[in-house]
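Accompanying notes for the structure given below.
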Amino acid sequence: MQLSELELIRREKRTQLQNLGINPYPADLYPVTTTSEEIKQDFSEGKKVVIAGRLMSRRIQGKASFAELQDAKGRIQVYFNRDEICTGEDKSKYNDIYKKLLDIGDFIGIEGELFTTQVGEKTVLVKDFTLLSKALKPLPQPRVDSEGKVHDAFTDPEQRYRQRYADLVVNPHVKEVFIKRTKLFNAMRTFFNERGYFEVETPILQPIPGGAAARPFVTHHNSLDIPLYMRIANELYLKRLIVGGFDGVYEFSKNFRNEGMDRTHNPEFTAMEIYVAYKDYNWMMEFCENLLEYCAKEVNGTTQATFGEHTVDFKAPYPRVTMAQAIQKFTGFDITDKTEEEIRTAAENLGVAVDDTMGKGKLIDEIFGEKCEGNFIQPTFITDYPKEMSPLCKEHRDNPELTERFELMVCGKEIANAYSELNDPIDQRERFEAQLKLAEKGDDEAMFIDHDFLRALEYGMPPTSGMGIGMDRLIMYLTNNPSIQEVLFFPQMKPEKKAVAMTEEEKAVFKILKADTGDKMELEVLKKSSGLSNKKWDKAIKGLTKNKLAKVEKTEDGLFVTAV
RNA sequence: GACUUGGUAGCUCAGUUGGUAGAGCACCUCCCUUUUAAGGAGGUGGUCCUGGGUUCGAGCCCCAGCCAAGUCACCA
């Protein structure tokens, strides 16, 4: 890896510090007493403080200098004055160590006293400082001017996602998104725990990937010599726990789906699933709207959230619309009591793409997805989905073609999905078998039959309502980010291409050179044995000498190439 | 998977018809003791994404590829 000039300079400074007897990476605890935030909130002139963080900007004016120190809570101005730091004859700590050997990005600790500058800035007067960690790579340095305009912003998404650590250091608004993300998780936990529901963990490596229709990642367990799948959902395991006697269980689950990536799909994503015994989906709707109202307030301090052009209000309650009502409203077509053929014709008339493999449920789902879904901006429950689309959901108490299912739509997208859970083991087996038929027809997302899950149901599961929430999508709404990558610390990226150390020609030449005894050859001999054209030879040998892998020397006996 | 746009210094970006690769910030040297995006003077810094091709000559034109973003398709 070729180092830039700036990186070489910093490495040299590291060595110089060591030569001065200063460890650039000391092991000692640093006795921090406060943070930048506390200093500003609880400011009193002359107060002694010990703080630590990264040096983020410097304005050096000879024997004095202002700088900014950034810690986990923000930034605080610090004032380095030569006479304060170097009270004796030796002024090198200021002149050499501070001014010459520290860089922006270095972690330092500061002992000092608070004061206010003539322009009114709360500042730490540095009495002494300690290098805590030397940064060898220069950070991007965005700056904000007095009009609030950002200069040199670090904005390239590729670099920001690949080097999230740097993104977080220099872009405070990015850090804010992740703070809100954690607030959301904490808020949900609090809401559930206060109601007595129990947080659990279930397997991520599963012999049968169940609970959703999706293509799984496959891996292999060596000593068992069996395939294992990364989980696509945790539903079936949580229901086993309801069978086992828990009243309410929930889990934040990292799920993995081996499907396409775009700005709303990452191969791994986080869902929250909760199952509560003796409840139905009507109860769950109320629970859901109360939950989201609570979470929105905890995260943003208000139930309103801005998402692009929309302002969404999470204040409960939310409208409840059946799928049939939604379709009637946006297409004028009433699907109630219609045959499959009538619905197919209606879909075709509406310009919805259909094919012969689609059953009644799929057709209805297509019409809804195409014509209705995008219209629900404010949180809205869509209820009573076709049975065919919901193999884990209980049949509707009033209509055997439907299920007791709802999805919560926000800004035209689903963020929650819930059922009155199917607990009839015979019905469940038949639904799995119907899925198996779909798989045989080539649907690679059809569900597997999970016999152990059926066995669990046979022991009896109480009536239960369950709900899943897409955490990534929800936090996108709460932080106004249209891309899932902005709400994941480390979104999946294609691997960075490794810089090729040597070209094929260079490798060939180098191999011949190394094979020769003494690693030294006459240039003409080497050139001839490489068999390269003039142009390619020239490029190869220049490449090798440039990378200091070979050296060309002229002696009395002629031109020689030496391996270095 | 298709299409569109982009990839030039540590960061943000210019780069004319194909003719010696530029700016601001950062960095280095010197001066400067209460400043605040940017004090003054001077200087250093490049795999122009990669590989081919056209050409006397390619950052620029052509072909292929890599990576990213966006739109669409597919998918929860």
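Predicted model, so just to flag it, every value in this text is computed and none were measured. All heavy atoms count here, side chains included; hydrogens, waters and symmetry mates do not. Here is the naming used below: chain letters follow the sequence lines, and residue numbers restart at 1 for every chain.
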Enumerate all atom pairs, one protein N or O and one N or O from nucleotides 9-11 of chain B, separated by less than 3.5 Å.
unit_1 : atom_1 : unit_2 : atom_2 : d
B:C11  : OP1    : A:Q159 : OE1    : 3.1
B:C11  : O2'    : A:D152 : O      : 3.1

Re B:A23: Watson-Crick or G-U wobble partner, both distances kept under 3.5 Å, found to be B:U12
With both distances kept under 3.5 Å, what pairs with B:G51, Watson-Crick or G-U wobble?
B:C63
Cationic tip of A:R405 within the cone over A:Y419's six-membered ring, i.e. under 6.0 Å and within 45° of the normal?
no
Given the side-chain rings of A:Y229 and A:F217, with only the six-membered ring counted for Trp, is the space between their centroids under 6.0 Å?
no
I want to know whether A:F80 and A:F129 have ring centres closer than 6.0 Å.
yes
Centroid distance under 5.5 Å and plane angle under 30°, A:H151 vs B:G24:
no
Checking all strands, does A:F115 fall into the base, sugar-phosphate, or nothing category for heavy-atom contacts under 4.0 angstrom?
base
How long is the gap from CE on A:M285 to CZ on A:R320, to the nearest 0.5 Å?
5.0 Å
Flag the pair A:V352 / A:L363 as yes when at least one side-chain heavy-atom distance between them is below 4.5 Å, and no otherwise.
no
Gap separating the CD1 atom of A:I274 from the CE atom of A:M467, nearest 0.5 angstrom
6.5 Å
Can you find an N or O donor on one side and an acceptor on the other, under 3.5 Å apart, linking the side chain of A:H265 with the base of B:C75?
yes
Using a heavy-atom cut-off of 4.0 Å across all strands, would you classify A:A213 as base, sugar-phosphate, or nothing?
sugar-phosphate
C1'-based separation of B:C30 from B:U20 [nearest Å]:
31 Å
Applying a 4.0 Å non-hydrogen cut-off, can you work out what A:R215 is touching in the nucleic acid: base, sugar-phosphate, or nothing?
nothing
Taking CZ from A:R162 and P from B:C49, how many angstroms apart are they, rounded to a whole number?
16 Å
Categorize A:E68 for me: base, sugar-phosphate, or nothing, with a 4.0 angstrom heavy-atom threshold over every strand shown.
nothing
Nearest-Å distance for atom pair CG/C1', residues A:L114 and B:U34
15 Å
Would you indicate which nucleotide in B:U29, B:A68, B:C28 comes nearest to any side-chain atom of A:I9?
B:C28
Nearest whole Å is fine: how far is B:U36 P from A:F80 CZ?
19 Å
Which whole number of Å gives the distance between the C1' atom of B:G24 and that of B:A37?
12 Å
Less than 3.5 Å between a donor and an acceptor, one on the side chain of A:E121 and one on the base of B:U36, is that the case here?
yes
Give one of base, sugar-phosphate or nothing for A:V119, where a contact means two heavy atoms less than 4.0 Å apart.
base
Result for salt bridge (Lys or Arg N to Asp or Glu O under 4.0 Å) between A:R231 and one of A:E251, A:E273, A:E268 points to A:E251
